[in-house]
Amino acid sequence: MSLDIAKQFARDTANHRLETLHDDGLYRHIRFSAPPSLDWFDLITWPYNLIVNGSHGSYHFCRFGDDTEDMFALFRDGSAGRRINPHYWAEKVRAGEVMTWSEAAFRQWVLQEAAELAPEHPGMMRAVKLQILDSDEHNLEYEETARYAIASFRHKGLRLAFPESWERTFQDFHWQYLWQCHAVVWGIAKYDATKATAREAVPTS
């Protein structure tokens, strides 16, 4: 998913421009947009805090317990080559939906379960495809309906059990969280480049 989101982000922000609404030390409000596009985001910082807010959700990152007040430094250090670090950064999130149900992970588990049972239960693979994976009766986009699909499954007296959370999780990073992680890294790089250009333009005596 991360690679797909990176490509989507690149398309969404291809024509974005930086607008400085406030820039006073660690107190910043930087906007990135390309009207009339509906895709936009703001980076807002104050000591130990950063908010990325826009058309793809809002996330508040907060970092205490060390000497680094500037949140831009956190994302610069963890994004060599503009790569995102969603696992580590998730530990800093104070507001915003980071994880969500993953239909892809659920489908993979169903196929694994069917493959393990197939040698002793002929027709198992076909049964799970007809009753669960390719069924028009079950929308696997949501956990509740995926659970119902598992509970409804029958094959020659065999049933499947939805795993407990401690056994298996079907959570993955929310696409909006990944999009906004890319936004932070990309936005900081644009901000740094703009500041560098401004410094170079100042005449020397």
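Not one N or O on the side chain of Asp192 forms a donor-acceptor pair closer than 3.5 Å with the backbone of Lys190. Under the 3.5 Å distance criterion, the side-chain polar atoms of Ser102 are left unmatched by any main-chain donor or acceptor of Phe170. Remark: the backbone N or O of Glu97 is paired with a side-chain donor or acceptor of Tyr59 at under 3.5 angstrom.
Under the 4.5 Å side-chain heavy-atom criterion for grouping Ile, Leu, Val, Met, Phe, Trp and Tyr, Phe75 is connected to Val98 within one hydrophobic cluster. The same ILVMFWY cluster, assembled from side-chain heavy atoms under 4.5 Å apart, contains both Trp175 and Ile84. There is no path of hydrophobic side-chain contacts, each under 4.5 Å, that joins Leu43 to Leu26. Under the 4.5 Å side-chain heavy-atom criterion for Ile, Leu, Val, Met, Phe, Trp and Tyr, Leu21 and Phe32 are members of distinct hydrophobic clusters.
When all heavy atoms of Pro163 and Trp109 are compared, the pair lying nearest together is CD-CZ2, 3.5 Å. Leu18 and Ile30 make their closest contact through CG-CG2, 3.6 Å (heavy atoms, listed as atom of the first residue, atom of the second, distance). Taking both residues in full, the closest heavy atoms of His16 and Ala34 are given as ND1-CB, 3.6 Å, listed atom of the first, atom of the second, then distance. In terms of heavy atoms, Ala114 sits closest to Met125 at CB-SD, 3.4 Å.
Taking the ring centroids of Tyr177 and Trp89, they lie at or beyond the 6.0 Å cut-off.
Here Asp39 pairs with His56 under the side-chain hydrogen bond (donor to acceptor under 3.5 Å, both in side chains) rule; sequence neighbours left out. Residues passing the salt bridge (Lys or Arg N to Asp or Glu O under 4.0 Å) test with Glu113, sequence neighbours excluded: none. Residues meeting the side-chain hydrogen bond (donor to acceptor under 3.5 Å, both in side chains) test with Glu19, sequence neighbours left out: none. The side-chain contact (heavy atoms from CB on, under 4.5 Å) search around Arg159 returns Arg154, not counting sequence neighbours.
Looking at heavy atoms from C-beta onward, Leu160 lies in side-chain contact with Ile132 at the 4.5 angstrom threshold. The shortest distance between side-chain heavy atoms of Val185 and His182 does not fall below 4.5 Å. By the 4.5 Å heavy-atom criterion applied to side chains, Met99 and Phe173 are counted as neighbours. Between Val52 and Phe61, the closest side-chain pair of non-hydrogen atoms falls below 4.5 Å. Side-chain contact between Asp12 and Trp179 is present, with at least one heavy-atom pair separated by less than 4.5 Å.
Applying the side chain to side chain donor-acceptor pair (under 3.5 Å) test to residues at least two apart or on different chains, the pairs with a partner in residues 23-34 are Asp23-Tyr191, Asp23-Lys195, Arg28-Thr45, Arg28-Asp70, Arg28-Tyr191, His29-Asp42, Arg31-Asp42. Among pairs with a residue in residues 135-156, those fulfilling ring-ring contact (aromatic ring centres under 6.0 Å, His included) read His138-Tyr148, at least two apart in sequence or across chains.
Atom CG of Leu38 is surrounded by 12 or fewer heavy atoms from other residues, nucleotides or ligands within 6.0 Å. Atom CZ of Arg126 is surrounded by 12 or fewer heavy atoms from other residues, nucleotides or ligands within 6.0 Å.
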- [ ] With side-chain contact (heavy atoms from CB on, under 4.5 Å) as the test, would you mind laying out the steps for Leu133 and Leu140 before giving the verdict?
- [x] CA-CA 8 Å; Leu133 300 179; Leu140 306 182; 4.2 Å; yes
- [ ] Would you please test Met71 and Leu74 for side-chain contact (heavy atoms from CB on, under 4.5 Å) and show each step?
- [x] CA-CA 5 Å; Met71 290 294 286; Leu74 169 69; 3.8 Å; yes
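Between Trp186 and Phe9, the ring planes lie perpendicular to each other; the angle is over 60°, past the 30° to 60° tilted range. Ring-plane geometry between Phe162 and Trp101 is classed as parallel, the angle between the planes falling under 30 degrees on a 0 to 90 degree scale with a further cut at 60.
Taken to the nearest 0.5 Å, the CG atom of Leu50 stands 12.5 Å off from the CZ atom of Arg94. For the atom pair SG (Cys62) and CH2 (Trp46), the distance works out to 8.0 Å, reported to the nearest 0.5 Å. The NE2 atom of His87 sits 10.5 Å away from the SG atom of Cys181 when rounded to the nearest 0.5 Å. With values rounded to the nearest 0.5 angstrom, Gln8 atom CD is found 10.0 Å from Thr13 atom OG1. Here Asn85 contributes atom CG and Glu91 contributes atom CD; the two are 9.0 Å apart, rounded to the nearest 0.5 Å. Between the CZ atom in Arg147 and the OG1 atom in Thr145 there is a gap of 11.0 Å [rounded to 0.5 Å].
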